[in-house]
Amino acid sequence: MRAWAVDRPGPMGSRPLRIVERPVPVPRPGEVLVRVEACGVCRTDLHLAEGDLAPRRPLTTPGHQVVGRVVRPGGSDGGRVGVAWLRSTCGSCRYCLRDSENLCPRSTYTGWDADGGFAEYLTAPAAYVYPLPEDVPAGRLAPLLCAGIVGYRALLRCDLPPGGRLGVYGFGASAHLTAQAAIARGAVVHVVTRSPAHRELALELGAASALDRPPEPLDAAILFAPSGDLVPAALEALDRGGTLAVAGIHLTDIPSLNYDRHLFQERTLRSVTANTREDGRAYLDLVRTHPPVVRSVSYAFEDVDQALTDLSNDQVKGAAVMHVS
Ligand SMILES: [Zn+2]
Ligand SMILES: [Zn+2]
């Protein structure tokens, strides 16, 4: 089979990925073999390619928003599934036992600890894949598996009150899905982005504003842009008692904060770390009843590095998805 592998992590201009030929992987006990239909391209894949997240093993295949079909032993079809970022947890540590498996110190991740979905096949633990509907195009499902699920966890973590005012900083793949989930739940959403294309999309999807700064104090906010420089302004835009959740796995340094301007009046700054399987199931249930508009841009298998380059240049309007033909 063909697979993309991170050869030498570095800027996309240095071509850190290459296509390799490999045997189709053999599932271990408890795992399934999945034939990839499509795989979403996430900012985390870019961090892995560029080395912002250090590689955990050589020549790993990234990709963790896989829509595919289970290939049963003997070759029969085992149905459509999604393979997401959380690949496994230990099931017995204090975090796993208190329903916080996203914090498990022994958790492993698709496309980082094991080969992911920028390939024709991958294996995944059966207990961590999600059943997916047969009647929805793969390009609409793939972005839900990380951009959607992790954004949904960020929405839970920012403690938005019912009908509250939510700030969304940055408007890439995850933000555009999360804004729609928030609107479906009755929120007033203010999007902060400088990109004219992203502003236009935000307003089309129902945002109340898309400007340089929110026009009213916010009950909660989610920072999707991986820029710590935005944290002070986002905290300052919060109303009393508001919470800012940082959705990304990677953030540049946060400048120093002023207690009065940025934190006093019980404002809260918190991170979001991956997701639990329960978050994944809850989000995939929500989208069955409230299907979001998914703006995706299709790339051929051979063009994964182009998709990552476009992502690094902020040139993808919506979510990038690689399709295996
Ligand atoms: Zn654990
Ligand atoms: Zn992701």
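Counting convention: from 1, in listed order, for ligands and their atoms alike. In this chain, residues are counted from 1 in sequence order. In this text, all values refer to a predicted model and were calculated from it rather than measured experimentally.
For the side-chain contact (heavy atoms from CB on, under 4.5 Å) criterion with H198, the lone passing option out of L203, T193, V191 is T193. Applying side-chain contact (heavy atoms from CB on, under 4.5 Å) to H323 and the options C39, S298, S296, P137 leaves one that passes, S298.
We find the OH-CZ distance between Y169 and R213 to be 9.5 Å, quoted to the nearest 0.5 Å.
Within a radius of less than 2.8 Å around the Zn ion (ligand 2), the protein N, O or S atoms are C42 SG, H64 NE2, C146 SG. Only protein N, O or S atoms were considered, and those under 2.8 Å from the Zn ion (ligand 1) are C90 SG, C93 SG, C96 SG, C104 SG.
More than 12 heavy atoms of other residues, nucleotides or ligands shown are found within 6.0 angstrom of CZ on R270.
For P215, the side-chain contact (heavy atoms from CB on, under 4.5 Å) partners at least two apart in sequence or on another chain are H190, S209, L211. Looking at residues two or more places apart in sequence or on another chain, you find no ring-ring contact (aromatic ring centres under 6.0 Å, His included) involving H262.
Side-chain atoms of W112 never come within 3.5 Å of backbone atoms of R57 as a donor-acceptor pair (strictly under, hydrogens ignored).
For the pair R281 and Y130, the cation-pi criterion (under 6.0 Å, within 45° of the ring axis) is not fulfilled.
Counting heavy atoms from C-beta on, the side chains of V41 and V321 never come closer than 4.5 Å.
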